[in-house]
Amino acid sequence: MQKALFSELYKMMHKGSFKIQTFIIAITPVIFALIANYALDKKSTSDFMNNLGGGNYILAVFSIIYASSILVEEFQYNTIKTCLSRGTARFSFYVNKYLGLIIQFLFWYLIVIASVFINWVIFYRSKITWGGDVGFIHQLRLSFFGDLIMMLLIFSLLLLISNFIKNTSISAVIGLVAFLMNFSINDLIMSLYDKFHWVKWNPLNMLSASSQMADHSFIDLTHLSTSLLVLGSLIYTIIFLALGSILFKQRQL
């Protein structure tokens, strides 16, 4: 399984798009920092940095596009037979795809953090508060943990959906649209809360965990504590991974 994971990471990092995406992720906070340094006041600049200069949003978009197609492309280009003919079990193959996505996400997140730190050195030495509950380090921990919990759930869901799609372009569009519209869809579902309290347990509501970590007022929308949102996200992640692996085992090559 370890060799299969290394093979998956090798394929990821040697794609032409990977280097381009990594460059865009690294440069995005720098570009926005140039604008923010001259256009925003101290408080707005601090908020901008706490949000990682927008780099985590670009990172999420690229991660979702890749996660939507990582399994589909194996079937579309018929490389799945070659991979499984080497003796890799289907379950291991599926889990390695998931682990590869997580490792790629963590790598890109480190790139964003490094870019933001460079921005601080160049632009914001006198404008950023580091310590305390509103300091950059605390906000960075919240952002990282919240984004990681969210992406773990999204990756498991996208791999599950990939079992029903045969074209990478279609899968990428579906994944991206679903990500951009998930809060709107969840708002629609949560509008039924007064009549059906159980809707608060829907998986899309769990994606609000990262937002609620940063702003506790989100509890008025989610109707769940932050700890329950995190726990729910992890439970749904396990469920979607299990369902996805079962479907993948039964899928015809």
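Count residues from 1 along the sequence.
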Distance-only donor-acceptor hits, side chain of residues 189-196, under 3.5 Å, sequence neighbours excluded:
unit_1	atom_1	unit_2	atom_2	d
Ser191	OG	Leu188	O	2.4

Please identify each residue that fulfils side-chain hydrogen bond (donor to acceptor under 3.5 Å, both in side chains) with Ser217, with sequence neighbours left out.
-> Asp215
Listed partners of Ser245 passing side-chain contact (heavy atoms from CB on, under 4.5 Å), at least two apart | Phe91, Tyr94
Identify, with sequence neighbours excluded, every residue that meets side-chain hydrogen bond (donor to acceptor under 3.5 Å, both in side chains) alongside Ser211.
-> none
Scan residues 95-120 for pairs that pass salt bridge (Lys or Arg N to Asp or Glu O under 4.0 Å), counting only residues two or more places apart or in two chains.
-> Glu8-Lys97, Glu74-Lys97
Partner set under salt bridge (charged side-chain N to carboxylate O under 4.0 Å, His left out) for Lys200, not counting sequence neighbours = none
Qualifying residues under side-chain contact (heavy atoms from CB on, under 4.5 Å), relative to Ile246, sequence neighbours excluded = Gln250
Kindly write out the residues that satisfy side-chain hydrogen bond (donor to acceptor under 3.5 Å, both in side chains) with Ser225, not counting sequence neighbours, or none if the list is empty.
-> Ser227
Please name all residues satisfying side-chain contact (heavy atoms from CB on, under 4.5 Å) with Ile235, sequence neighbours left out, ordered by chain then number.
-> Leu231, Ile239
Report all side-chain donor-acceptor pairs from residues 58-66 shorter than 3.5 Å, counting only partners two or more places apart or in another chain.
unit_1	atom_1	unit_2	atom_2	d
Ser63	OG	Leu59	O	2.9
Tyr66	OH	Lys15	NZ	3.4

Taking side-chain hydrogen bond (donor to acceptor under 3.5 Å, both in side chains) as the test, write out the residues that go with Thr237, two or more places apart.
-> none
Residue list, side-chain contact (heavy atoms from CB on, under 4.5 Å) with Ser208, at least two apart or on another chain = Phe183, Asn186, Asn205, Thr222
